[in-house]
Amino acid sequence: GEDVEQSLFLSVREGDSSVINCTYTDSSSTYLYWYKQEPGAGLQLLTYIFSNMDMKQDQRLTVLLNKKDKHLSLRIADTQTGDSAIYFCAERYSSASKIIFGSGTRLSIRP
Amino acid sequence: DTGVSQDPRHKITKRGQNVTFRCDPISEHNRLYWYRQTLGQGPEFLTYFQNEAQLEKSRLLSDRFSAERPKGSFSTLEIQRTEQGDSAMYLCASSAIQGTGNTIYFGEGSWLTVV
């Protein structure tokens, strides 16, 4: 079945790295995504990774995929106050199918 | 602005009234998606179009909900006889078929409050 799970909250100190974790159940998922949502706003696509990749880096963002354990993580280096938001992990079976979202992880930054 | 556009951004309606939301996808994006998001939850899939064809509908899409994309460009989502449980943000998204089809871009959402 389709299910994506994330922890609900994460608090980090400004300047530290944030690591947001996600597990998914559909081993057929081809694409895995990270979206960011700020209060009252829509979803901003941060990055995505193909299931045949282990890692993808994009500036301060690093995505790690452990396909065997169906575990995805998003690392944000040098976390800033502007990174405060809800981060959604999502999976997609193919480019012709819908995206299934987790419940989101609320990232808060403390000084 | 070439992003996904949704209108209205906010709607307050009385229970029992009908409401309609409009989505204009990114130009030349063939696929269009509707999602619903309630407070504290992730977006839930409602329905999906490829061009004008509605290819998939969620069980969440009760018979009070109808979505159309008559010319394969903009789409409308209508909710008839609204109920308080319909209060949510309705998100529209679009993607291409080729090239950047791996990426789905979302609009800013339409907030619905049913009183």
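These numbers were taken from a predicted model, which means no experiment stands behind them. Throughout, protein chains are lettered first and strands after them, A, B, ... in sequence-line order, and every chain is numbered starting at 1.
Interface remark: A:Ile99 contributes backbone and side-chain atoms alike to the contact with chain B (heavy atom separation under 4.5 Å). Residue B:Gln6: no heavy atom, backbone or side chain, is found under 4.5 Å from chain A. Only the side chain of A:Gln37 comes within contact range of chain B, with heavy atoms under 4.5 Å apart. Looking at B:Gln41, both its backbone and its side chain come within 4.5 Å of chain A, counting heavy atoms on both sides.
Between the side chains of B:Thr47 and B:Glu56, no donor-acceptor pair is found at a separation under 3.5 Å.
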### Task
Would you sort out whether B:Tyr33 and B:Phe106 count as a ring pair (Phe, Tyr, Trp, His ring centres under 6.0 Å), showing the intermediate values?
CA-CA 9 Å; B:Tyr33 309 79; B:Phe106 281 80; 7.8 Å; no
### Query
Step by step, would you call A:Lys67 with A:Asp54 a salt bridge (charged side-chain N to carboxylate O under 4.0 Å, His left out)?
CA-CA 8 Å; A:Lys67 195 174 180 182; A:Asp54 298 323; over 6 Å; no
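A:Glu38 has a carboxylate O that lies under 4.0 Å from a charged side-chain N of A:Lys36, or vice versa, which qualifies the two as a salt bridge.
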